Amino acid sequence: LQDPTPTEAEARGYQPRQLVLLGGGMANLQVLADLAAKPLPEMRTILVAPQPRSIYPGMLAGMVAGRYSADECAIPLEPLVRRAGIRWLQRDITALDTRTQTLRLDDGSSQHYDWLSINTGPVQNRDQMNRTLPGAREHGLFVHPMESFAALWPRVCELSQSRALRVAVIGSGTAAMELALAVRQRLPQSAVTWVAGPQTHGEAQTEARAPQAAGPHTNANAHANTITTRLTQALKDQRITVLYDTALSLKADEVQLGCGA
């Protein structure tokens with residue numbers, strides 16, 4: 001009797017499964033820390049990340065305010081990669097094929113994966129944003145990716161030393177509020193405006209009535225509106241102009257608003 005013809009996998013011999021960590025976001029960095037503490041020899045792990053370090057998101061506003069330097073907010077990848085004992089491809093990707101489980105890298109090469117963890121951190125599509133907000137690419141300073149923002153923010157601070165600036169923070173939510181407050185702290189002589197987008201019906205409500213007896217299902221929306229009202233007042237107390245309007249376009253020295261101003 002003859003042995004059956006070996007399969008292709010058998011001919012290659014045992015190949016460990018491959019985990020690709022795409023991006024240097026906080027979740028993937030936690031995986032690196034876990035691998036350093038408890039290696040998995042039966043699995044091959046590869047990190048694909050173009051930047052040599054990652055900015056910790058929770059410290060970005062503190063960096064803008066001048067409390068921390070960019071280096072103090074950054075997590076270098078090389079020590080984590082070395083301790084985890086994995087391979088690092090310092091590349092960006094241009095395509096993802098889930099059918100063949102393959103990444104195409106910016107140098108033209110490809111990388112197979114058995115498991116893929118995507119954690120690149122926030123990235124803003126600048127072309128799309130420039131279509132919805134004309135002038136954004138030329139006149140705007142994008143917060144994401146944070147590494148690029150951290151490299152450019154000191155140049156804004158240098159400009160403020162020669163003249164008072166007018167800074168507009170465009171975006172909704174508490175992250176934009178926090179950023180506007182950080183800009184005010186770092187640039188006390190500059191004019192700071194928060195363009196918050198259209199005001200919703202809930203935000204427009206005033207606290208005219210006394211609260212009802214609270215049960216286990218207290219109105220969460222009313223609580224959120226109270227917090228928003230207090231935060232907005234804190235912005236105004238710091239001499240930050242709050243505009244509930246839509247930014248339509250950017251020019252070198254102005255933001256065109258939906259109301260026509």
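Just so you know, these numbers use all the heavy atoms, side chains as well, and skip hydrogens, waters and symmetry mates. Since the structure is predicted, the reported quantities are computational estimates derived from the model, not experimental observations.
A donor-acceptor pair under 3.5 Å is formed between the side chain of Asn119 and the backbone N or O of Asn28. Under the 3.5 Å distance criterion, the side-chain polar atoms of Gln256 are matched with a main-chain donor or acceptor of Gly260. In this structure, the side chain of Arg230 does not engage the main chain of Ala234 through any donor-acceptor pair within 3.5 Å. Formation of a donor-acceptor pair under 3.5 Å by the Arg17 side chain with backbone atoms of Asp114 is not found in this model. The backbone N or O of His112 sits nowhere less than 3.5 Å from a side-chain atom of Gln101 that would complete a donor-acceptor pair. The main-chain N or O of Arg137 is found under 3.5 Å from a side-chain atom of Asn130 such that the two form a donor-acceptor pair. Judged purely by atom type and a 3.5 angstrom limit, Asp245 has no side-chain atom pairing as donor or acceptor with the backbone of Gly197. Of the possible donor and acceptor atoms, one in the side chain of Ser54 sits under 3.5 Å from a partner among the backbone N and O of Gly24. When atom types are taken as modelled, the side chain of Thr174 and the backbone of Met177 share no donor-acceptor pair closer than 3.5 angstrom.
Taken from OG in Ser160 to CZ in Arg186, the straight-line distance is 6.0 Å, to the nearest 0.5 Å. Residue Ile55 holds its CD1 atom at 4.5 Å from CD of Glu147, rounded to the nearest 0.5 Å. Taken from CD in Glu254 to NE2 in His139, the straight-line distance is 10.0 Å, to the nearest 0.5 Å. Separation of atoms CD1 (Ile240) and CG (Leu235) is listed at 5.0 Å; rounding is to 0.5 Å. Taken to the nearest 0.5 Å, the OH atom of Tyr244 stands 5.0 Å off from the CH2 atom of Trp194. Atoms CG and OG, on Leu103 and Ser110 in that order, are 9.0 Å from each other to the nearest 0.5 Å.
Linking ILVMFWY side-chain heavy atoms closer than 4.5 Å, directly or via other members, places Leu181 and Leu60 in a single hydrophobic cluster. Using a 4.5 Å cut-off between side-chain heavy atoms of Ile, Leu, Val, Met, Phe, Trp and Tyr, with links allowed through other members, Val123 and Leu179 fall into different hydrophobic clusters. Residues Leu29 and Met59 are members of one and the same hydrophobic cluster, defined by side-chain heavy-atom contacts under 4.5 angstrom among Ile, Leu, Val, Met, Phe, Trp and Tyr. In terms of hydrophobic clustering, with Ile, Leu, Val, Met, Phe, Trp and Tyr side chains grouped at heavy-atom distances under 4.5 Å, Leu159 and Phe149 are assigned to a common cluster. Under the 4.5 Å side-chain heavy-atom criterion for Ile, Leu, Val, Met, Phe, Trp and Tyr, Val255 and Leu187 are members of distinct hydrophobic clusters.
For Arg53 and Asp71, the salt-bridge test passes: some basic side-chain N is under 4.0 Å from an acidic carboxylate O. Under a 4.0 Å N-O distance rule, the pair Arg91/Asp107 qualifies as a salt bridge.
In the displayed structure, Arg126 atom CZ is contacted under 6.0 Å by more than 12 heavy atoms of other residues, nucleotides or ligands. Other residues, nucleotides and ligands contribute over 12 non-hydrogen atoms within 6.0 Å of the CZ atom of Phe142.
You'll find the side chain of Leu116 reaches within 4.5 Å of the side chain of Leu22, heavy atoms only.
Residues forming a side-chain contact (heavy atoms from CB on, under 4.5 Å) with Val31 (at least two apart in sequence, or on another chain): Leu21, Leu35.
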As a quick check of understanding, evaluate side chain to side chain contact (heavy atoms under 4.5 Å, CB included) for Thr246 and Leu257, giving each step before the final call. CA-CA 6 Å; Thr246 302; Leu257 301 176; over 6 Å; no
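Here the options are Val81, Leu40, Leu19, the test is side chain to side chain contact (heavy atoms under 4.5 Å, CB included), and the partner is Thr45; only Leu19 passes.
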